[in-house]
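Just so you know, these numbers come straight off a predicted model, no measurement behind them. Each residue takes its place number in the sequence, starting with 1.
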Amino acid sequence: MSFRTPPTEIEPIIKKLSLDNWQKHIVGTYKNDSDSLEDGQQNSIKRLERLGPKIKKSSKVLVISNGNNFLPIYLSSKYRCKITVVTENEELKEELEEDIASYDQNTNVDVVVKDLNITQFDYDKFDMIWSLGALGMQENLKTILREMKRILVPKGRLLMVERLANHKDEKEIQAYSIDTLLQDASDADLEKVYEKHFIDETKTHYKRLINDFNQEKKHLEKSMGKSSYETSVSQIGLINDRVEQGLVGWRFLQFQKRND
């Protein structure tokens with residue numbers, strides 16, 4: 001009779017990130033000037049996990065994916081908890097499943113396709129919901145937040161990391177204002193219990209992106225196409241200007257479901 005050898009507990013390391021998908025990256029936390037884009041992303045995810053509520057093996061966690069898939073790998077590897085990743089179409093589902101499998105971790109992660117407005121999950125299903133830049137781009141945010149409240153357990157937490165405008169909606173760079181988000185959350189019976197504004201990190205992150213795009217210009221023009229490269233450089237520059245003016249920044253917000 002043979003027995004399966006338990007897997008070695010090795011912390012997963014985030015894989016090489018594509019600059020082509022810069023909009024799917026959250027704000028990085030760079031500890032040293034030599035830190036790579038991947039270092040910044042991994043540092044941020046580990047930092048956010050420490051700032052979040054306690055996770056147990058029995059915790060049921062929902063991750064709303066915009067293509068940034070290291071969080072479910074990291075959480076499931078560390079806590080051995082059940083992670084459900086929700087995405088918007090079958091193509092993205094297949095990409096996420098392939099990428100998750102490529103980490104070769106003993107994880108408990110399922111990827112499902114759902115409409116965020118009406119997920120059809122059971123009431124009071126999840127202990128916490130994570131969104132890394134996935135909700136701030138949604139048009140029907142208030143409706144989605146009400147759905148998130150419905151599927152959270154009593155006093156469950158919604159954790160959002162989003163690029164938000166500080167004073168008014170910045171339609172040009174597709175950013176909700178913090179006031180709009182807080183009002184929509186309150187209307188959905190979600191009470192803010194924690195907020196952290198990553199001011200310095202946001203400034204550093206977009207400067208890093210500008211520098212990386214300049215250094216990788218020839219390669220990116222070939223992989224993205226010259227027009228797409230120039231559009232991305234223009235968008236990053238516009239966001240960077242807003243950040244320098246103190247108008248836009250990344251925030252980490254936690255909301256708790258109010259009792260019915």
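- The main-chain N or O of Val61 is never found under 3.5 Å from a side-chain atom of Ser59 such that the two would form a donor-acceptor pair.
- Between Leu152 and Lys257, the shortest heavy-atom contact is O-NZ, 2.6 Å.
- Inter-residue side-chain proximity for Arg80 and Asn108 is flagged as unmet; no heavy-atom pair is nearer than 4.5 Å.
- How far CG of Asn66 is from NE2 of His25: 9.5 Å, rounded to the nearest 0.5 Å.
- Tyr194 is not listed as a side-chain neighbour of Arg157, based on a closest heavy-atom distance of 4.5 Å or more.
- For the pair Pro72 and Val63, the tightest heavy-atom approach, listed with the atom from each and the gap, is CD-CG1, 4.2 Å.
- Formation of a donor-acceptor pair under 3.5 Å by the Asp115 side chain with backbone atoms of Asn117 is found in this model.
- Remark: Glu244 engages Lys207 in a side-chain hydrogen bond (donor to acceptor under 3.5 Å, both in side chains) (not counting sequence neighbours).
- Asn240 places no side-chain N or O within 3.5 Å of a backbone atom of Ile236 that could act as its donor or acceptor partner.
- The local environment of CD1 in Ile13 is crowded, with over 12 non-hydrogen atoms from other residues, nucleotides or ligands closer than 6.0 Å.
- Of all non-hydrogen atoms in Val161 and Phe252, the two that sit nearest each other are CG2-CD1, 3.6 Å.
- When atom types are taken as modelled, the side chain of Thr87 and the backbone of Lys93 share no donor-acceptor pair closer than 3.5 angstrom.
- The side chain to side chain contact (heavy atoms under 4.5 Å, CB included) check on Val112 picks up Thr84, Val86, Lys114, Phe121, with sequence neighbours excluded.
- Rounded to the nearest 0.5 angstrom, Asn69 CG and Asp99 CG are separated by 4.0 Å.
- Shown here are the side chain to side chain contact (heavy atoms under 4.5 Å, CB included) partners of Lys192, two or more places apart in sequence or in another chain: Leu182, Glu195, Leu253, Phe255.
- Legend: side-chain hydrogen bond (donor to acceptor under 3.5 Å, both in side chains) pairs involving residues 133-143, not counting sequence neighbours, sorted by first then second residue: Lys142-Asp187.
- Side chains of Leu96 and Ser65 form a contact here, defined as non-hydrogen atoms less than 4.5 Å apart.
- No continuous path of ILVMFWY side-chain contacts below 4.5 Å connects Leu92 to Trp22, so the two sit in separate hydrophobic clusters.
- The side-chain hydrogen bond (donor to acceptor under 3.5 Å, both in side chains) check on Asp179 picks up nothing, with sequence neighbours excluded.
- When every heavy atom of Met160 is checked against every heavy atom of Leu145, the shortest pair comes out as SD-CD2, 4.3 Å.
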Output side-chain donor-acceptor pairs under 3.5 Å for residues 36-52, partner residues at least two apart or in another chain, one line each.
| residue | atom | partner | partner atom | Å |
| --- | --- | --- | --- | --- |
| Ser36 | OG | Glu38 | N | 3.4 |
| Ser36 | OG | Glu38 | OE1 | 3.3 |
| Ser36 | OG | Asp39 | N | 3.1 |
| Ser36 | OG | Asp39 | OD2 | 3.2 |
| Glu38 | OE2 | Leu17 | N | 2.7 |
| Asp39 | OD2 | Ser36 | N | 2.9 |
| Gln41 | OE1 | Ile26 | N | 3.1 |
| Gln41 | NE2 | Ile26 | O | 2.4 |
| Gln42 | OE1 | Ile14 | N | 2.6 |
| Gln42 | NE2 | Pro12 | O | 3.3 |
| Asn43 | ND2 | Thr29 | O | 3.0 |
| Asn43 | ND2 | Asp39 | O | 3.1 |
| Ser44 | OG | Val27 | O | 2.7 |
| Ser44 | OG | Thr29 | N | 2.9 |
| Ser44 | OG | Thr29 | OG1 | 2.8 |
| Ser44 | OG | Gly40 | O | 3.3 |
| Lys46 | NZ | Glu11 | OE2 | 3.0 |
| Arg47 | NH1 | Thr29 | OG1 | 3.3 |
| Arg47 | NH1 | Glu201 | OE2 | 2.8 |
| Arg47 | NH2 | Glu201 | OE2 | 3.1 |
| Glu49 | OE1 | Tyr74 | OH | 3.4 |
| Glu49 | OE1 | Lys78 | NZ | 3.2 |
| Glu49 | OE2 | Lys78 | NZ | 3.3 |
| Glu49 | OE2 | Tyr79 | OH | 2.3 |

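- Counting heavy atoms of neighbouring residues, nucleotides and ligands inside a 6.0 Å radius, atom CD of Gln245 exceeds 12 of them.
- For Ser234, there are no side chain to side chain contact (heavy atoms under 4.5 Å, CB included) partners at least two apart in sequence or on another chain.
- One distance of note links CE of Met148 with CG of Leu116; it measures 5.5 Å at 0.5 Å rounding.
- Using a 4.5 Å cut-off on side-chain heavy atoms (C-beta onward), Glu216 and Ser223 make no contact.
- Within a 6.0 Å radius of CG in Asp33, no more than 12 heavy atoms belonging to other residues, nucleotides or ligands are found.
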Please list every donor-acceptor pair under 3.5 Å in which a side-chain atom of residues 125-132 meets a protein atom from a residue at least two apart or in another chain.
| residue | atom | partner | partner atom | Å |
| --- | --- | --- | --- | --- |
| Asp127 | OD2 | Lys60 | N | 2.7 |
| Ser131 | OG | Ala134 | N | 3.2 |
| Ser131 | OG | Leu135 | N | 3.2 |
| Ser131 | OG | Glu162 | OE2 | 3.1 |

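- Within the model, atoms OG of Ser232 and CD of Gln23 stand 6.5 Å from one another, a figure rounded to the nearest 0.5 Å.
- Counting non-hydrogen atoms of other residues, nucleotides and ligands closer than 6.0 Å to NZ of Lys222 gives a total of 12 or fewer.
- Listed by chain and number, the residues in a ring-ring contact (aromatic ring centres under 6.0 Å, His included) with Tyr103 are Phe70 (sequence neighbours excluded).
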> Do Asn166 and Arg242 pass the side chain to side chain donor-acceptor pair (under 3.5 Å) test, and can you show the C-alpha distance, the side-chain angles, and the key distance before you say yes or no?
Replying inline: CA-CA 10 Å; Asn166 297 334; Arg242 297 288 199 276; over 6 Å; no
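- Here the OG atom belonging to Ser102 is positioned 12.0 Å from the CD atom belonging to Glu97, to the nearest 0.5 angstrom.
- Residue pairs meeting the ring pair (Phe, Tyr, Trp, His ring centres under 6.0 Å) criterion with at least one member in residues 219-244, sequence neighbours excluded: Phe213-Tyr229.
- With hydrogens and angles disregarded, a donor-acceptor distance shorter than 3.5 Å links the side chain of Arg208 to the backbone of Asp35.
- Within 6.0 Å of CD on Glu88 lie no more than 12 heavy atoms contributed by other residues, nucleotides or ligands.
- Atoms CG and CD, from Leu159 and Gln256 in turn, are 11.0 Å apart once rounded to the nearest 0.5 Å.
- For Ser228, the side chain to side chain contact (heavy atoms under 4.5 Å, CB included) partners two or more places apart in sequence, or in a different chain, are Met224.
- For Arg150, the salt bridge (charged side-chain N to carboxylate O under 4.0 Å, His left out) partners two or more places apart in sequence, or in a different chain, are Glu147.
- Between Arg251 and Leu164, the shortest heavy-atom distance links the atoms CD-CD1, 3.9 Å.
- Leu19 places a side-chain heavy atom less than 4.5 Å from the side chain of Leu209.
- Using cut-offs of 30° and 60° for the angle between ring planes, the Tyr30 and His205 rings count as parallel.
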>> Run Lys82 and Asp110 through side-chain contact (heavy atoms from CB on, under 4.5 Å) and show every step you take.
In response: CA-CA 8 Å; Lys82 172 69 175 179; Asp110 286 337; 2.2 Å; yes
